[in-house]
Amino acid sequence: MLTKLWAFLNTDIQDLNWKQAGEMTKTGTDAAKAVFDLAKTVKEQQPKVETLKPYIGQISSLLDVLNAPFAQIVKDTIPFAPLAITVLKLVCDVTHQEPSLEQCVALVSQVAYLESLQVILKETPDLLDRLGEAPVSDAIAQQIKRLGDLEIDDRDARKAILYFHESKLATAFNEVLQARLQQAGLEANEAQTLTDRVARKTDEYMPPALAQVGDGVKRLVEWYRLGGREVLEKYLSIDDYLTQQIQTRPLEKVFAEHFTFRDIYVPLKAQFIQRDGDVDKDKEPVELEQWAKDLLNDDQKRDRVMFIQGGPGRGKSVFCRMFADWVRQHEHPRWTPILIRLRDIRTLEKDFEETLRKAVDRDFARNDPGWLTDRNIRFLFLLDGFDELLMEGRTSGGLEEFLKQVGRFQESCKDNAEKEHRVLITGRSLSLQSIERLMPANLERVELLPMDDALQERWFTQWGKLINADPVHLKTVLQDEQLPDRVRELAREPLLLYLLAAMHRDSEFKLEMFEGTAGVKARDAIYNRTIDWVLTKQRPEWLNQDITALQTESLRRILAEAGLCVVQSGGECAPVKMIEDRLKGDDEAKRLLEEARSRLQGDPLRNALAAFYLQPGRAGSGSVEFAHKSFGEFLCAGRIKDSLADWAQPGIRRQEFYIPTEQMDWEIYDLLGFGGLTPEIVEYITAYFDICSDLFDAEKIVRLFKRLEHFYVRWCDGEFIDAPPENLPQKKMRLLKEQLPDREKPLGQRQVDVYTGLNVMILLLELNRYAQDRNDLKEQIIFYPNGQVSEGEITSRLLQVIHYSDCLGHATFTDLAGSFLACANLTSADLPDINLELANLTGTNLTGANLASANLTGTNLTGANLISAHLACANLMSAYLAHANLAHASLYSAPLAYATLSHANLASANLGEADLGYANLQDIFWDKNTNWEGVQGLETAVNVPEALKRQLGMEEEVRGEE
């Protein structure tokens with residue numbers, strides 16, 4: 001129920017009839033006099049309704065006293081507390097019931113505030129002298145009068161009891177008092193400081209004043225004293241969180257548009273995913289929101305983590321903000337939604353509950369050790385972006401451990417009545433490739449689907465309403481057969497559909513833009529056109545002048561540098577100063593910025609950054625982050641592409657044709673010495689080789705490869721890390737510490753060196769893979785990570801690289817480079833006891849390699865060439881060996897439990913003493929020379945060929961057991 005601050009005496013309690021017929025509420029000094037007279041009457045006479053009526057009906061609130069000079073307020077030392085107590089007791093006597101909490105707080109807050117003001121003014125006589133006898137103005141007198149109609153509800157009342165200075169009442173009182181103080185002669189900042197002091201001191205006077213009001217309120221105050229205050233604080237903290245962090249998310253603007261996410265949002269559909277990562281074809285697609293609602297309230301699946309995966313721009317984050325608010329509106333307090341961007345988690349704690357506490361960072365979590373075991377509160381934790389845990393050196397091993405923590409937490413909530421919480425987590429599918437087989441078993445997985453025709457039509461309808469135009473032409477263009485199939489497919493993804501629609505709205509969409517695009521090149525083309533569109537068409541008016549001074553191409557260079565800085569900073573946000581510092585090394589950009597700065601007011605760099613989809617970073621006002629992660633990754637790839645193009649240029653002297661210069665050595669460290677390149681960034685870079693054919697013709701690509709290869713060999717030999725100070729790794733380390741002073745864990749010299757070398761290896765592996773599909777390059781570009789060797793020779797270069805990398809932490813090499821080893825040439829590699837767990841070795845040539853006792857758990861070796869490979873005692877549990885060529889390979893005593901060997905070639909392989917328990921042997925090939933002696937686990941293996949059973953006498957064993 002809403003209660004007015006003072007007017008409730010005349011409206012809510014009509015039996016008292018305080019106001020006489022035709023009586024008007026006084027204002028200004030007359031109102032102040034009425035308060036003084038009321039106080040005098042209460043002090044000198046036995047209070048009766050008839051005695052007080054003439055005064056109470058004339059005033060709007062006790063704060064009418066502020067109409068008087070401040071000196072009079074202090075001089076008369078009016079005991080304000082008895083006024084409220086007397087009035088409330090009279091109300092109780094007449095109505096035969098105690099006043100409500102709202103009514104008590106409405107009156108008591110006035111006297112507590114005025115007592116606080118009196119005390120502070122008495123303690124500062126010099127200030128009181130300055131305030132003097134200044135009369136109130138008519139405007140402020142009216143402002144004071146309006147306080148009587150201020151409405152509060154139960155929540156406002158309780159918050160005022162807990163921390164008055166943050167309450168709705170304090171905001172209203174402070175506004176009036178500050179205005180009165182300024183009118184009396186104080187400067188604005190001085191008046192604000194004094195007002196804040198009064199409000200905060202009011203906290204001292206509220207409980208004792210309330211305790212005198214009545215038994216009911218007295219019991220409430222006692223409840224607070226005995227710990228109820230902390231309980232109420234927790235609930236109010238949760239309410240504030242929901243209001244500030246959940247309710248506002250759907251109402252945020254979409255990039256630079258005038259409309260919100262709620263305006264354009266269309267519910268999505270998803271398909272079920274099996275534990276091995278394959279689509280569950282036995283189940284029909286579901287509406288994502290309904291799936292989440294059903295699972296949230298399914299008591300039979302309380303141990304299941306709601307797991308949503310999907311590609312970039314599919315709508316995962318928007319779903320989280322929309323669903324969190326739906327839960328707030330329709331399920332709270334049955335369920336309380338907590339939305340956490342995982343990119344904001346700087347440190348993963350060993351205890352998942354501690355990670356949650358620090359991520360929430362609110363009073364209800366921070367100051368209550370039992371916040372997760374309160375039977376009255378069930379949280380739904382929406383963890384958005386598990387792939388972003390990979391940034392800043394965070395590895396897939398870290399992601400695997402994080403997901404296991406989530407799984408264990410959800411399991412612990414199943415049978416614990418004090419902890420019945422649920423977890424919903426989202427992220428990119430690509431980041432799961434290397435850990436599919438090791439993910440928790442209690443994930444209820446779905447993958448977001450592109451929009452179907454019905455959903456896309458619904459989106460078009462909403463778009464038409466927002467731009468006030470018929471979307472029929474847009475639909476026609478997107479369905480035109482001249483548009484490449486891949487672009488039409490991408491137009492079913494929410495982010496890219498918006499970009500295409502917005503460009504079409506601004507007459508920037510033309511079919512010929514996308515001619516010849518396919519695969520990732522189509523996404524590249526859309527992002528490229530988006531940059532042109534944003535920088536030339538969709539920009540704020542105030543930026544026009546800056547754009548004139550800073551040419552569009554220069555802006556693209558600035559944005560590319562911003563993309564690199566965001567990725568180097570950890571994939572979240574980057575300090576503007578870091579971008580500025582990097583641009584100082586670009587003579588052309590520096591010249592343009594200085595020219596623009598001399599001609600324009602303000603900061604042209606910040607204006608340029610604001611032109612694209614950048615927003616203030618969460619790290620503070622001096623930082624920026626991209627509104628969507630994909631933009632930063634794409635621009636970072638563009639920046640790397642620019643340097644690759646530079647490095648592919650001819651040298652000055654003929655003998656330098658394939659030799660990198662000292663300048664190139666430094667540029668490599670500066671560009672790549674920050675952390676592992678993500679698969680998304682590498683995809684964009686590779687696409688540029690075809691898109692920018694003028695920059696990367698065959699001759700230039702060969703030159704680039706040779707120079708990077710030369711750098712890689714020198715890096716493997718330790719040339720850069722062993723150079724005297726200040727060497728290149730040290731220089732990059734120093735610059736990163738200067739540019740990112742607030743980084744929680746700054747990169748050290750070894751980390752910079754390892755990341756640089758592995759990133760160069762990744763680029764070389766991609767160049768090798770790209771060249772094998774081009775007849776004009778396949779013979780000129782062959783990368784040997786382990787070094788090229790003569791027949792029969794064994795080399796350990798890669799072994800040394802792996803051990804060097806892993807000195808930074810367990811499985812660092814596999815986590816950063818393991819997913820890029822597909823189709824690599826590792827002939828005769830000496831890799832005993834090595835850890836390549838979860839690596840992608842699909843199609844890799846490991847002929848004659850020594851992998852004895854290596855850890856290959858969960859490794860993808862599909863189609864790998866393992867002829868004559870030495871795999872004795874290698875751990876191949878859960879490995880994918882489908883279609884692998886293991887002819888003449890030694891698998892002696894190798895654990896192959898749960899491995900997939902379907903269609904593998906085991907001719908003349910040695911499987912003696914190997915463990916094949918639960919392995920998949922569908923359609924394997926073997927011959928008379930394959931050694932099966934002592935093999936174990938065949939009785940539990942699946943799809944064992946009948947011929948093999950007969951050969952090994954397994955059928956007789958089975959019949960004998962029967």
Side-chain angles (χ1 to χ4, degrees), residues 266-295 298 301 304-317 319-320 323 385-387 396 399-400 403 406-407 423-456 485-486 488-497 519-520 522-523 679-680 683 819 822 838 840 842 858-863 878-883 898-903 918 920 922-923 942-943:
V266 171
L268 303 170
K269 290 185 178 180
Q271 61 190 2
F272 288 94
I273 300 296
Q274 299 176 139
R275 186 182 176 187
D276 61 4
D278 292 336
V279 175
D280 190 339
K281 296 179 180 179
D282 294 331
K283 295 182 179 179
E284 293 294 321
V286 292
E287 292 185 359
L288 185 62
E289 285 190 10
Q290 192 59 52
W291 168 82
K293 292 173 186 178
D294 293 344
L295 202 55
D298 188 341
K301 294 187 175 181
R304 309 293 288 177
V305 176
M306 291 177 272
F307 194 91
I308 302 171
Q309 62 191 63
R314 279 282 172 92
K316 301 178 295 294
S317 296
F319 166 77
C320 283
F323 189 66
F386 57 72
D387 52 289
S396 59
L399 174 58
E400 176 199 339
L403 293 178
V406 173
V423 178
L424 184 154
I425 186 167
T426 76
R428 293 185 180 179
S429 308
L430 198 57
S431 63
L432 301 173
Q433 284 187 348
S434 62
I435 63 170
E436 287 281 5
R437 296 289 283 271
L438 300 180
M439 290 170 66
N442 62 325
L443 302 183
E444 196 78 8
R445 290 175 69 179
V446 294
E447 183 165 26
L448 287 176
L449 290 168
M451 293 182 187
D452 58 23
D453 291 344
L455 287 179
Q456 193 181 48
D485 291 343
R486 182 55 180 152
R488 286 206 297 271
E489 291 171 11
L490 291 174
R492 295 183 180 275
E493 298 181 5
L495 174 63
L496 294 173
L497 177 57
V520 73
R523 192 182 297 269
E680 290 86 358
E683 272 192 356
S819 62
L838 303 175
N840 182 7
T842 304
T859 299
N860 189 347
L861 285 151
T862 303
S878 300
Y880 289 87
L881 287 155
H883 297 279
Y898 297 97
T900 299
L901 286 154
S902 52
H903 301 281
Y918 301 98
N920 184 352
Q922 182 178 4
D923 295 326
V942 296
N943 297 318

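Along the sequence shown, residues are numbered consecutively beginning with 1.
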Minimum heavy-atom separation for [X] and [Y], please, with both atom names.
{"X": "Glu289", "Y": "Phe323", "value": "O-CE1, 4.1 Å"}
{"X": "Pro494", "Y": "Gly313", "value": "CD-O, 3.4 Å"}
{"X": "Arg304", "Y": "Leu443", "value": "NH2-O, 3.0 Å"}

If we only count heavy atoms from C-beta on, is the [X] to [Y] side-chain gap below 4.5 Å?
{"X": "Leu424", "Y": "Phe319", "answer": "yes"}
{"X": "Arg428", "Y": "Lys316", "answer": "yes"}
{"X": "Ile273", "Y": "Ser429", "answer": "no"}
{"X": "Val305", "Y": "Pro440", "answer": "no"}
{"X": "Asp387", "Y": "Glu680", "answer": "no"}

Neighbour count above 12 (heavy atom, 6.0 Å) for Tyr918 OH: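 At most 12 heavy atoms, drawn from other residues, nucleotides or ligands, come within 6.0 Å of this atom.
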Atom NZ of residue position Lys301 - does it have more than 12 heavy atoms of other residues, nucleotides or ligands inside 6.0 Å?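 Not more than 12 within 6.0 Å, no.
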So, taking the atom named [atom1] in [X] and the one named [atom2] in [Y], what distance separates them when rounded to the nearest 0.5 Å?
{"X": "Leu449", "Y": "Leu288", "atom1": "CG", "atom2": "CG", "answer": "9.5 Å"}
{"X": "Gln274", "Y": "Arg445", "atom1": "CD", "atom2": "CZ", "answer": "10.0 Å"}
{"X": "Glu493", "Y": "Leu268", "atom1": "CD", "atom2": "CG", "answer": "11.0 Å"}
{"X": "Tyr880", "Y": "Asn860", "atom1": "OH", "atom2": "CG", "answer": "7.5 Å"}
{"X": "Thr842", "Y": "His883", "atom1": "OG1", "atom2": "NE2", "answer": "11.5 Å"}
{"X": "Phe272", "Y": "Glu284", "atom1": "CZ", "atom2": "CD", "answer": "10.0 Å"}

Sorted by chain and number, sequence neighbours left out, side chain to side chain donor-acceptor pair (under 3.5 Å) with Glu489 holds for Arg486
Candidate pair Thr900 and Asn920, rule side-chain hydrogen bond (donor to acceptor under 3.5 Å, both in side chains), full reasoning: CA-CA 5 Å; Thr900 299; Asn920 184 352; 5.0 Å; no
With side-chain contact (heavy atoms from CB on, under 4.5 Å) as the test, pick out the partner of Phe386 among Ile308, Leu432, Val406. Leu432
As a test of understanding, state which of Val446, Val423, Leu403 forms a side-chain contact (heavy atoms from CB on, under 4.5 Å) with Phe307.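 That would be Leu403; it is the only one of Val446, Val423, Leu403 passing the side-chain contact (heavy atoms from CB on, under 4.5 Å) with Phe307.
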Charged N-O contact under 4.0 Å between Arg492 and Asp453: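 Answer for the salt bridge query: yes.
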Test item: [X] side-chain N/O and [Y] main-chain N/O as donor-acceptor pair under 3.5 Å:
{"X": "Glu447", "Y": "Val279", "result": "no"}
{"X": "Thr426", "Y": "Gly385", "result": "yes"}
{"X": "Asn442", "Y": "Gly407", "result": "yes"}

